[in-house]
> 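Before anything else, here's the structure in question.
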Amino acid sequence: MDLILKATNLTKNYYSKKALKGINLEVEKGKILGLLGPNGSGKTTFMKIAAGILRPTSGQILIDGQKPGIYTKSIVSYLPDVNYLYKWMRIRDAINFFKDFYVDFDLEKSKRLLDFMKLDENDKVTSLSKGMLEKLHLTLVLSRNAKLYIFDEPLGGIDPNAREKIIDAIIDNIREDSSMIISTHLVRDIERLFDDVAFISDGEIILNGNAEELRTERNKSIDEIFREVYA
Ligand SMILES: Nc1ncnc2c1ncn2[C@@H]1O[C@H](COP(=O)(O)OP(=O)(O)OP(=O)(O)O)[C@@H](O)[C@H]1O
């Protein structure tokens, strides 16, 4: 099995708080993993470690066979759950900022995506609504030709009608050999994207497997399993 990510006994403590308690998780190349769990279960912490922003307390994480560092950052496109753009920026500046920063940034793709998201290059970042800002973040992150995309809550601010179209855009804009980890509370809306799912609770993986097999085994959707597991 060719893995893009392998976490072994990964732990993270914030002072006395044990946010991750020995995570073992694998993501295969070309696959999309849904990382599902309630508030405070450790999703963001795990994603930040995978993106090379936080260091684990113990254990190991390998991205494309390597520990987080310069190489892994160059192949991971990470969408955090916060706004990280400067207030002075117009959309055009944000695009140029990314283009200068990432060698895998595809300018043509970013133009197509801006068009699709109905975003105007001249608009100031501070003038965007929450949903528009999310669309801009998605545009920036998807415009990289990355090996691993990490999306922390990508569609929370986007209205339900637009979600479907954006999910299609996500599928259309990643290469077949790219992989993705997505955390979300909108399980029902997004579950069709998942090849595999991992349910996390209080810093531990409590259920992990192929999404279709889990549906068949339990005769339930992933959304229904999610509700059952965290009831
Ligand atoms: N910087 C920090 N300092 C102290 N504790 C933290 C810090 N960041 C996260 N935590 C704690 O670690 C635990 C896991 O948080 P994390 O943000 O990873 O959860 P999450 O699953 O992403 O939650 P949500 O769905 O609400 O975004 C929580 O108990 C949280 O309070």
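In each ligand, atom 1 is the first atom listed, and ligand 1 is the first ligand listed.
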> Could I get the full list of side-chain contact (heavy atoms from CB on, under 4.5 Å) partners for K17, not counting sequence neighbours?
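Scan of K17 (side-chain contact (heavy atoms from CB on, under 4.5 Å), adjacent residues dropped) gives Y14, D202.
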
> Tell me the salt bridge (Lys or Arg N to Asp or Glu O under 4.0 Å) pairs involving residues 175-192, sequence neighbours left out?
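Counting only pairs at least two positions apart or across chains, the salt bridge (Lys or Arg N to Asp or Glu O under 4.0 Å) contacts touching residues 175-192 are R163-D189, E164-R192, D168-R192, R175-D177, E191-R215.
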
> Less than 4.0 Å between atom 16 (P) of ligand 1 and some protein heavy atom, yes or no?
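Protein heavy atoms within 4.0 Å of atom 16 (P) of ligand 1 - there is at least one.
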
> Give me the atom names and distance for the closest heavy-atom approach of L20 to L10.
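The answer is CB-O, 3.9 Å.
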
> Does the side chain of L36 come within less than 4.5 Å of F194's, by heavy atoms?
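When only atoms from C-beta onward are counted, L36 and F194 do touch, with a gap below 4.5 Å.
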
> In terms of residue, atom name and distance, what is the protein heavy atom nearest to atom 23 (O) of ligand 1?
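Nearest protein contact, heavy atoms only, for atom 23 (O) of ligand 1 is G40 N, 2.8 Å.
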
> Establish, from distance only, whether the side-chain atoms of Y86 and D93 form a donor-acceptor pair under 3.5 Å.
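No pair is found: no donor N or O on one side chain lies under 3.5 Å from an acceptor on the other.
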
> Tell me which protein heavy atom sits closest to atom 2 (C) of ligand 1, plus the residue, atom name and distance to 0.1 Å.
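Here the closest protein heavy atom is Y14 CD2, 3.4 Å.
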
> Determine the minimum heavy-atom distance between L79 and L138, stating which atoms define it.
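Scanning both residues completely, I find the closest heavy atoms to be CD1-N, 4.0 Å.
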
> Might you check, step by step, whether the distance between atom 6 (C) of ligand 1 and some protein heavy atom is under 4.0 Å?
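It does; a protein heavy atom is within 4.0 Å.
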
> Within ligand 1, which atoms have a heavy atom of K17 less than 4.0 Å away?
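Matching atoms, with element in brackets: 13 (C), 29 (O).
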
> Considering non-hydrogen atoms of the protein only, which is the closest contact for atom 22 (O) of ligand 1, and what is the distance?
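Checking every protein heavy atom, the shortest distance to atom 22 (O) of ligand 1 gives T44 OG1, 2.7 Å.
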
> Hey, does P38 sit under 4.0 Å from ligand 1 if you only count heavy atoms?
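Heavy atoms of P38 do come under 4.0 Å of ligand 1.
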
> Name the option, out of K43, E153, H185, K18, that contains the heavy atom nearest to atom 21 (O) of ligand 1.
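Ranked by closest heavy atom to atom 21 (O) of ligand 1, first place is K43.
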
> Check each atom of ligand 1 against the heavy atoms of N39 and keep those under 4.0 Å away; list them by number with element.
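Selected atoms, number and element: 23 (O), 24 (P), 25 (O), 26 (O).
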
> Could you pull out the closest heavy-atom pair between P38 and H185, with the gap in Å?
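Nearest pair, atom of P38 first, then H185: C-NE2, 4.5 Å.
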
> For S41, counting its heavy atoms only, list the atoms of ligand 1 lying under 4.0 Å from any of them.
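Under 4.0 Å from S41, ligand 1 has these atoms: 19 (O), 20 (P), 21 (O).
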
> Atoms of ligand 1 less than 4.0 Å from A19 heavy atoms?
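Listed by number with element: 12 (O), 13 (C).
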
